[in-house]
Engineer: 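So that we are looking at the same thing, I have put the structure below in structure tokens.
Per chain, numbering begins at 1; letters A, B, ... match sequence-line order.
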Number of protein chains: 4
Amino acid sequence: MRTVDPIKHEEKRREILDAAGRCFVRKGFQGATIASICAEAKISPGHLYHYFASKEAIIQEMVKARLNATARFFGKAVDGADVLATILAGVEASMTDAKNIGQEMRIDMLAEAGRNPDMAKIIEENSSALRAQISDFLRKGQARGQIDPELDPMVTAGVLLSMSDGLKTLSLRNPTLDVAKNIQVLKILFARFLAPPKS
Amino acid sequence: MRTVDPIKHEEKRREILDAAGRCFVRKGFQGATIASICAEAKISPGHLYHYFASKEAIIQEMVKARLNATARFFGKAVDGADVLATILAGVEASMTDAKNIGQEMRIDMLAEAGRNPDMAKIIEENSSALRAQISDFLRKGQARGQIDPELDPMVTAGVLLSMSDGLKTLSLRNPTLDVAKNIQVLKILFARFLAPPKS
Amino acid sequence: MRTVDPIKHEEKRREILDAAGRCFVRKGFQGATIASICAEAKISPGHLYHYFASKEAIIQEMVKARLNATARFFGKAVDGADVLATILAGVEASMTDAKNIGQEMRIDMLAEAGRNPDMAKIIEENSSALRAQISDFLRKGQARGQIDPELDPMVTAGVLLSMSDGLKTLSLRNPTLDVAKNIQVLKILFARFLAPPKS
Amino acid sequence: MRTVDPIKHEEKRREILDAAGRCFVRKGFQGATIASICAEAKISPGHLYHYFASKEAIIQEMVKARLNATARFFGKAVDGADVLATILAGVEASMTDAKNIGQEMRIDMLAEAGRNPDMAKIIEENSSALRAQISDFLRKGQARGQIDPELDPMVTAGVLLSMSDGLKTLSLRNPTLDVAKNIQVLKILFARFLAPPKS
DNA sequence: CATGAATGAGCTTTCATTCAT
DNA sequence: CATGAATGAAAGCTCATTCAT
């Protein structure tokens, strides 16, 4: 009796997705090969197709997993008492620990979404969920007088999300950039944008 | 006998670069094939190599040409009398005519720069030039009291450039987005960021 | 589970090398194509690269294998009691069974060595080993009074090796050549060259 | 009236053949490209086909020209008073000025003849002519008592020709070879082979 | 005579995927 | 479950040759 242990199966899938993630970060979605993913995951190519139907499926699942991780992480981050301070801390964290929560692939994912409808849909759904989270958080801030009540929470959430994409391109465009100075200016930007106008 | 005609040669090169550009927008740098570029340019694969040494060379020249076009366009845009108003108009233009000055490839170029040193160098040099332009413009605005004099012009220029990358991801993340509302919020963002604080 | 079977792998490599050898004999190193080698070996082009990294690698391994076979064959041949008689028998064998021990490619290999440093190195090392074998054999003959003691064994070995290249060109230059007569003259040549002068 | 100056035409052909020769020496028959020959001859590819029907035709004419040059050179060399001394001097010359009379391609030509019937025919005809020349010369030597009268002149001529091919492989097989020592041994070889037996 | 633009078949190599074991 | 042998359809690129001017 061949009992397929569903837990082990799921574990293996996760291992492969992790390995694939490392390869995609190094080489991009198209540049990474099934062979390299197999080498990284220490399995044979034939075996990989036991777990995933195609390279495309791996990419999609991997991206979903990373986006979900981001959203979960985000959900936790987003319950500080001081809404604006929390956001500013998030900007700073994004600039200093650039390598953490699966953010290395953000630009690749967005580029891919520009021409691959499946990827576009994934990004869209995740963005929509994130916007809702951020929007709620902003509303809380508005209720507490920490965020300008004139700003439409949902639209503002979308703008914040896309501006955070911009954070990822700063160091691509300027490898010798002075992180501290940029954080300072970025904090001014977000603070002035979001804070309620004085008087 | 003295044929050669370097003008025709240059014209053909430009035609091929244009065709390549269209293919890259559709499929990405890696996804577009030499065959597809040749079909688009209506030449044979062999002939393409009369004009370019490799696919890589085509990508690089095409990207440089587009970035230069952007920089030129930018140079013209950036001499309005009212610096802040000019920037806000630029934000609005970027949101409404998203398809004009070779901007469709921005995210692809940045993604490619993340793992291709040659592309990284091209992006870096162009970004450096753009930052210098924007920085000069901001300084002018500061002299005229239109821009907050406390902001470091060069750092702020870099931040503006990267935030403008974010503009490109807005519609990727939210295809049903209300452009007018977003423009309104974005104008608030940039205006509050850059305007001199009220005394 | 522990399949792998390095023996089968090695067997397949040998099969491919043999097939490649037949193609190279027919068409030369540059004239033979990967496709023709695959057809001869009855495998797909993709599969060939499971076993060899490149066409160049196939050429080199194949040449090395043939040269080693020659050297082994040579080592056995070269232990007759009568040194001079053994050499003369070798000349005769070389003229009569021209097609056996992988000698069909000798001239191609030497031509290739003239412009390919990797091939030059392979030929050089093999030649050096063969010269050492022949030299030892000649010294034995000198000790036994069968070979002229005045001849420098190493230099003479090199000369014999290169003269044996000449044997391969005889029939190329003269397809209607009378083998028997040529053997007779060649035996005179080598005998007079090597035999101790009559007191 | 377009008068085709046949002398100029012939001159141009010769120039192209010379250029082709240099390319073939550097890269081999298959390795040299029409483009490289055109560059070397400073003409355009289209123009080259005014003078030659195909690459194959260039190769054949070039080889014929070189072989004829060799034969002419040979004809002159071969009328010394002392036949054996002339041959030994030829051996020495062949070892010291390896780059003179178009001999750099000998091995390539022979390799090509092994699989290309057209080339085989060319080599064959030239070899036949050379054998006749050498044979005549040997006969003269026999008449003068300088060459062993027992040797069949025609067969011996063929053997000498092929042994001279071997001279070309000496330095291919042993790049650090001591030319002086080899010349010495080679002279012994040819002298003992050809000289009339004492008493 | 002379150019170089243009062709297209064919080259080596890669890679997602399937299959026998 | 797991392997790696095997496939075959491209991919980027080369090059002898032809053609319009």
Side-chain angles (χ1 to χ4, degrees), chain A residues 2-5 8-9 12 30-38 42-58, chain B residues 1-6 8-9 12 30-38 41-58, chain C residues 1-6 8-9 11-12 30-38 41-58, chain D residues 2-5 8-9 12 30-38 42-59:
Chain A
R2 277 276 173 197
T3 322
V4 179
D5 185 339
K8 273 205 168 178
H9 192 264
K12 197 79 193 170
Q30 314 216 43
T33 67
I34 290 286
S36 70
I37 294 170
C38 290
K42 283 169 190 152
I43 59 169
S44 64
H47 199 32
L48 182 143
Y49 283 84
H50 252 54
Y51 294 96
F52 297 94
S54 65
K55 185 184 177 184
E56 188 62 25
I58 296 173
Chain B
M1 302 304 157
R2 290 279 92 205
T3 11
V4 193
D5 205 343
K8 272 203 171 178
H9 191 266
K12 198 83 194 172
Q30 315 212 47
T33 69
I34 291 288
S36 71
I37 293 170
C38 289
K42 282 169 191 149
I43 59 170
S44 64
H47 196 30
L48 183 143
Y49 287 86
H50 241 60
Y51 296 97
F52 297 95
S54 65
K55 187 185 176 184
E56 189 63 25
I58 296 174
Chain C
M1 301 304 157
R2 290 280 92 208
T3 10
V4 193
D5 206 342
K8 272 205 169 175
H9 191 265
E11 240 169 43
K12 198 81 194 173
Q30 316 212 45
T33 68
I34 291 287
S36 71
I37 294 169
C38 290
K42 283 170 192 150
I43 59 169
S44 64
H47 197 30
L48 183 143
Y49 287 86
H50 241 58
Y51 295 97
F52 297 94
S54 65
K55 186 184 176 184
E56 189 64 24
I58 296 173
Chain D
R2 278 276 174 194
T3 322
V4 181
D5 185 337
K8 273 206 168 178
H9 191 264
K12 197 79 196 172
Q30 314 215 46
T33 67
I34 291 286
S36 70
I37 294 170
C38 289
K42 283 167 192 153
I43 60 169
S44 64
H47 198 31
L48 182 143
Y49 283 84
H50 251 56
Y51 294 97
F52 297 94
S54 66
K55 185 183 177 185
E56 188 61 25
I58 295 173
I59 294 173

Engineer: So D/Lys12 and D/Ile43, side-chain contact (heavy atoms from CB on, under 4.5 Å) or not? Walk me through it.
Structural biologist: CA-CA 10 Å; D/Lys12 197 79 196 172; D/Ile43 60 169; 3.6 Å; yes
Engineer: Return the minimal non-hydrogen interatomic distance between C/Ala57 and C/Ala53, and the atom names on each side.
Structural biologist: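 Of all heavy-atom pairs spanning C/Ala57 and C/Ala53, the closest is CB-N, 4.3 Å.
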Engineer: Closest heavy-atom contact between A/Pro45 and A/Cys38?
Structural biologist: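 Heavy atoms of A/Pro45 and A/Cys38 come nearest at CA-SG, 3.4 Å.
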Engineer: Rounded to the nearest Å, what distance is computed from the CD1 atom of residue C/Ile37 to the P atom of nucleotide E/dT12?
Structural biologist: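 Atom-to-atom, C/Ile37 to E/dT12, this comes out as 8 Å.
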Engineer: Report the distance from atom CZ of C/Phe52 to atom C1' of E/dT12, rounded to the nearest whole Å.
Structural biologist: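 It works out to 16 Å between those atoms.
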Engineer: What is the minimum heavy-atom distance between A/Gln30 and A/Lys55, and which atoms define it?
Structural biologist: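 Shortest heavy-atom contact: O-NZ, 3.6 Å.
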Engineer: Using a 4.0 Å heavy-atom cut-off to protein, can you give one letter per nucleotide of nucleotides 7-13 of chain F, 5' to 3': B if the base is in contact, S if only the sugar-phosphate is, - if neither?
Structural biologist: BB--SSB
Engineer: When rounded to the nearest 0.5 angstrom, what distance separates CD1 in D/Ile37 from CD1 in D/Ile58?
Structural biologist: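 Answer rounded to 0.5 Å: 5.0 Å.
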Engineer: Would you please confirm or rule out a distance under 4.0 Å between OP1 or OP2 of E/dA6 and any side-chain N or O of B/Tyr51?
Structural biologist: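 True: B/Tyr51 side-chain N/O within range (under 4.0 Å) of E/dA6 OP1/OP2.
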Engineer: Checking B/Tyr51 now: which residues fulfil ring pair (Phe, Tyr, Trp, His ring centres under 6.0 Å) with it, not counting sequence neighbours?
Structural biologist: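 Here the qualifying residues are B/His9, B/His47.
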Engineer: Stem finding on DNA chain E, please: runs of three or more consecutive Watson-Crick or G-U wobble pairs, both distances under 3.5 Å, sorted by first number.
Structural biologist: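 Counting only runs of 3 or more consecutive pairs, the stems involving DNA chain E are E:2-21 with F:2-21.
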